[in-house]
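Ligands are counted one by one from 1 in listed order, and the atoms in each one are counted from 1 as well.
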Amino acid sequence: MKFNTKTIHGGQEHDPAYGSVMPPIYQTTTYAQSTPGGHKGYEYSRTHNPTRTALEKAFASIENGNYGLTFGSGMAAIDAIIKLLKPGDEVISTNDLYGGSYRLFTKVYTDFGIKFHFIGMQNASKIEDYINDRTKLIWVETPTNPMMNIIDIKATAAIAKKHNILFAVDNTFATPYLQLPLDLGADIVMHSATKYLGGHSDVVMGALVVNDKNLAERLYFLQNASGAVSGPQDCFLVLRGIKTLHIRMQRHCENGKAVAEFLASHPKIEKVYWPGFEDHPNHDIAKSQMSDFGGMVSFVPKGSNFEDAVKIVENLKVFTLAESLGGVESLSGHPASMTHASIPKEEREKTGVVDSLIRLSVGIEDEEDLIDDLKQALK
Ligand code: P1T
């Protein structure tokens, strides 16, 4: 099956009970047994739930993986990955990443004896400088949140393989519509399914997809043992969401390009971060590993003034000022005070997350309305 067909049918079967085309929402905690162990494959809904199974199979299908797992949030999915590690282990991570991921790594797992190195990975060969015997995981976001840096997945995978290190990619910004990290050599692909996969700003959920059976078994064990699972109603909503992923993403990309180009030509804008620009430092890698450039755009107003940035986000009307991204509606965000507030100012400014930075999640409204909104907000 090709990708667009997979978003609708991949991993899916009609419900065996009545042939319902969408899987029922199995809103149940437990499953009747005729005798101890005499059940139909489901015992307790933390461990398994048929609606969740349907979604996990759909995720595996669209990411070209063998095994899918869903969690109560993107953070819970990342948490499961870090629980594969032991005290003394080291992780090499992109230095530009979602503030919540940084917070989990530095404020929770550092206390459990795991050491994190946050480095710029725009040149993948730099990663090797930080590898030692204790390095067990390479953690990459690409495009990064919110600076839209692009990391070479294939080159990073080659380094990880050479040193026998687990390599995980947070594919939240790109989605499998734009890039397939497992095909490029990653071991784990992770999602905040809250974003484009759900697509309608009505669910918080996380997901992992892997190919390796042993790795999948360890992660399924952690999913059940720690218990941060997603509920059946949420799984149903995300299953519905991914059936339109391809057409939403197509429009997100078209509108994202129009917004990025409009901002780049505006006299009141100093800098626009979007991997589709030919002068983006890793544009060629973006072009080779992604099929388009996505709907996320960050920018800084001329003079890089905090008050100007606040005025712009306050003035926007079609773009709602709110945390999150990837829904059908356009959102604006102020990373320094919102999504990335948990990263110390000196650290975030090193990567470009200055107080005047604005992040846009460009939705699928009419392009003209989005441009008009930006025009009036920048007057
Ligand atoms: O919010 P949650 O579903 O737990 O996912 C966390 C997460 C992980 N990875 C990336 C790249 C993310 O962007 C996020 C969540 N990000 C936002 C809420 C945001 O507005 O950036």
* Does Ser324 come within less than 4.0 angstrom of ligand 1, counting non-hydrogen atoms of the residue? -> yes
* To do: Determine, for Lys345 against Asp355, whether the closest basic-nitrogen to carboxylate-oxygen distance falls under 4.0 angstrom.
  => yes
* Structure fact -> atom 5 (O) of ligand 1 sits nearest the protein heavy atom Ser192 OG, 3.0 Å
* **Protein heavy-atom partner closest to atom 7 (C) of ligand 1 - residue, atom, separation in Å** => Tyr98 CD2, 3.4 Å
* Got a salt bridge between Glu367 and Arg251, using NZ or NE/NH1/NH2 to carboxylate O under 4.0 Å? -> no
* Asked: Closest non-hydrogen protein atom to atom 10 (C) of ligand 1, residue and atom name please, with distance?
  -> Asp170 OD2, 3.4 Å
* Asked: Purely on distance, is any nitrogen or oxygen of Met190 under 3.5 Å from one on ligand 1?
  -> no
* Nearest protein heavy-atom contact for atom 21 (O) of ligand 1: which residue, which atom, what distance? -> Arg359 NH1, 2.7 Å
* atom 3 (O) of ligand 1: which protein heavy atom is closest, and how many Å away? -> Thr194 OG1, 2.6 Å
* To do: May I ask you to say whether Glu261 pairs ionically with Lys257, meaning some side-chain N is under 4.0 Å from a carboxylate O?
  => yes
* Say whether Phe173, considering both its backbone and side-chain N or O atoms, lies within less than 3.5 Å of an N or O atom on ligand 1. => no
* Closest by any non-hydrogen atom to atom 18 (C) of ligand 1: pick that one out of His340, Lys195, Met205, Met296. => Lys195
* Residue, atom name and distance, where the atom is the protein heavy atom closest to atom 13 (O) of ligand 1 -> Asn145 ND2, 3.0 Å
* Pro181 vs Gln179 side-chain heavy atoms within contact, under 4.5 Å -> yes
* Which residue and non-hydrogen atom of the protein lie closest to atom 19 (C) of ligand 1, and at what distance in Å? -> Thr339 CG2, 3.3 Å
* ligand 1 contacted by His191 (non-hydrogen, < 4.0 Å) -> no
* Should Lys311 and Glu314 count as an ion pair when the cut-off is N to O under 4.0 Å? -> no
* Does atom OH of Tyr130 have more than 12 heavy-atom neighbours, drawn from other residues, nucleotides or ligands, at distances under 6.0 Å? -> no
* **Ion pair Lys213/Glu217, N-O distance below 4.0 Å** => yes
* To do: Compute both the distance and the angle, then confirm whether Lys57 meets the cation-pi test with Phe59: under 6.0 Å from the six-membered ring centre, within 45 degrees of the axis.
  => no
